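For reference, the structure is listed below as structure tokens.
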Amino acid sequence: MKKIRREFFQRDPLVCARELVGCELVWNDCGGIIVETEAYSVLNDEACHAFARPSSREFVAERPPGTAYVYLNYGVHWLLNFLVKGGAEDGFVLIRALEPTRGIETMKRRRATHLENLCSGPGKLTRALDLRGDAHGLDVFSTKSIALFAPVDPPSIQAGPRIGITKAADLPWRFIATGSRFLSKMGPVG
DNA sequence: TTCGTGATAGAG
DNA sequence: TCTATCACGAAG
């Protein structure tokens, strides 16, 4: 496992989203292999926060690529994204599911459920990791508590439409590790 | 299928 | 102030 570099996030959101699948995400003592992501672009993507939110556009302008963008959804769930900028387009990658690898017992204590269900959703994984709003704005490349590692053997990846959104729902901007048992929705591409 | 929950933005 | 909206999950 090799730590990924900042240049990783200086490409198109779609490329970043695709290549983050297979990477290991570590938050303090817990973590897992990313098996599902979604790309969001600040350009012409109505589903992206930056489309309608000035504070989000400001975040994009002021922060370096690789910054964690964490927000509360539906008043209940924290969702983890990474800022992508410096390529042809700026955007975000939403982390949607993990295959748990580290701190599994700790995560199970937080989320009393079996392994396949532990991090199989964007709100579930932040809960399992105990990652909350105070992680918002942390730079992956200068913060000890958060880290990303590149895979030794990149997995086979499939693309499909994003989940749970109403705007621009037709774009195939969701990426999954083929055949993973740890996805937010089952089936090849949801 | 429903419903809770809270930050945000834009209207009044 | 108030209200609509939102990339979800769990119970039932």
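What you see below is based on every heavy atom in this structure, not just the backbone, and it leaves out hydrogens, waters and symmetry mates. Residue numbering restarts at 1 for every chain, and letters A, B, ... go by the order of the sequence lines. Since the model is a prediction, treat every value here as computed from it, not as a measurement.
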>> Considering every strand and a 4.0 Å limit on heavy-atom distances, what is the contact class for A/Ser56: base, sugar-phosphate, or nothing?
In response: nothing
> Rounded to whole angstrom units, what separation is found between the CZ atom of A/Arg53 and the C1' atom of B/dG6?
Replying inline: 11 Å
> Whom does C/dT1 pair with, Watson-Crick or G-U wobble, provided both distances fall under 3.5 Å?
Replying inline: B/dA11
> Within the structure shown, what part of the strands sits under 4.0 Å from A/Phe92 by heavy-atom distance: base, sugar-phosphate, or nothing?
Replying inline: nothing
> When the distance from CG of A/Asn73 to C1' of B/dC3 is rounded to whole Å, what number comes out?
Replying inline: 14 Å
> Considering every strand shown, what is the Watson-Crick or G-U wobble mate of C/dC8 when both distances are under 3.5 Å?
Replying inline: B/dG4
> What's the CD-P distance between A/Glu46 and C/dT5, to the nearest Å?
Replying inline: 14 Å
>> Let's see if you can work this out: which of C/dA7, B/dT5, C/dA10 has an atom nearest to the side-chain heavy atoms of A/Leu79?
In response: C/dA7
> Stacking here means centres under 5.5 Å and planes under 30°; does A/Tyr71 stack on B/dA7?
Replying inline: no
>> Closest approach to the side chain of A/Leu94, judged atom by atom: which nucleotide of C/dA7, C/dC8, B/dG6 is it?
In response: C/dA7
>> Output the rounded distance in Å from CG (A/Asn81) to P (C/dC6).
In response: 16 Å
> Going by atom types alone, do A/Thr113 and A/Asn117 pair a side-chain donor with an acceptor below 3.5 Å?
Replying inline: yes
> Between B/dG6, B/dG4, C/dA7, which one does the side chain of A/Val76 approach most closely?
Replying inline: B/dG4
> Could you state the OH-C1' distance from A/Tyr69 to C/dC6, rounded to the nearest angstrom?
Replying inline: 11 Å
> Which of the following nucleotides, B/dG4, C/dA7, B/dT8, is nearest to the side chain of A/His77?
Replying inline: B/dG4
> On DNA chain C, nearest-nucleotide positions of A/Gly75 versus A/Arg111: which is more 5'?
Replying inline: A/Gly75
>> I want to check one thing: is the phosphate of C/dC8, taken as OP1 and OP2, less than 4.0 Å away from some side-chain N or O of A/Arg96?
In response: yes
> Are A/Ser184 and A/Arg96 close enough that a side-chain donor and a side-chain acceptor fall under 3.5 Å?
Replying inline: yes
> Given atom CG of A/Leu118 and atom P of C/dG9, what is their separation to the nearest angstrom?
Replying inline: 13 Å
> Would A/Tyr40 and A/His49 count as a close aromatic pair, with their ring centres under 6.0 Å?
Replying inline: no
>> Rounded to whole Å, please give me the gap between CD1 in A/Ile163 and P in C/dC6.
In response: 17 Å
> Between A/Glu99 and A/Ser180, do the side chains contain an N or O donor and an N or O acceptor separated by less than 3.5 Å?
Replying inline: no
> Could you state the OH-C1' distance from A/Tyr74 to B/dC3, rounded to the nearest angstrom?
Replying inline: 12 Å
> How are the rings of A/Phe59 and A/Tyr69 set to each other: parallel, tilted or perpendicular (split at 30° and 60°)?
Replying inline: perpendicular
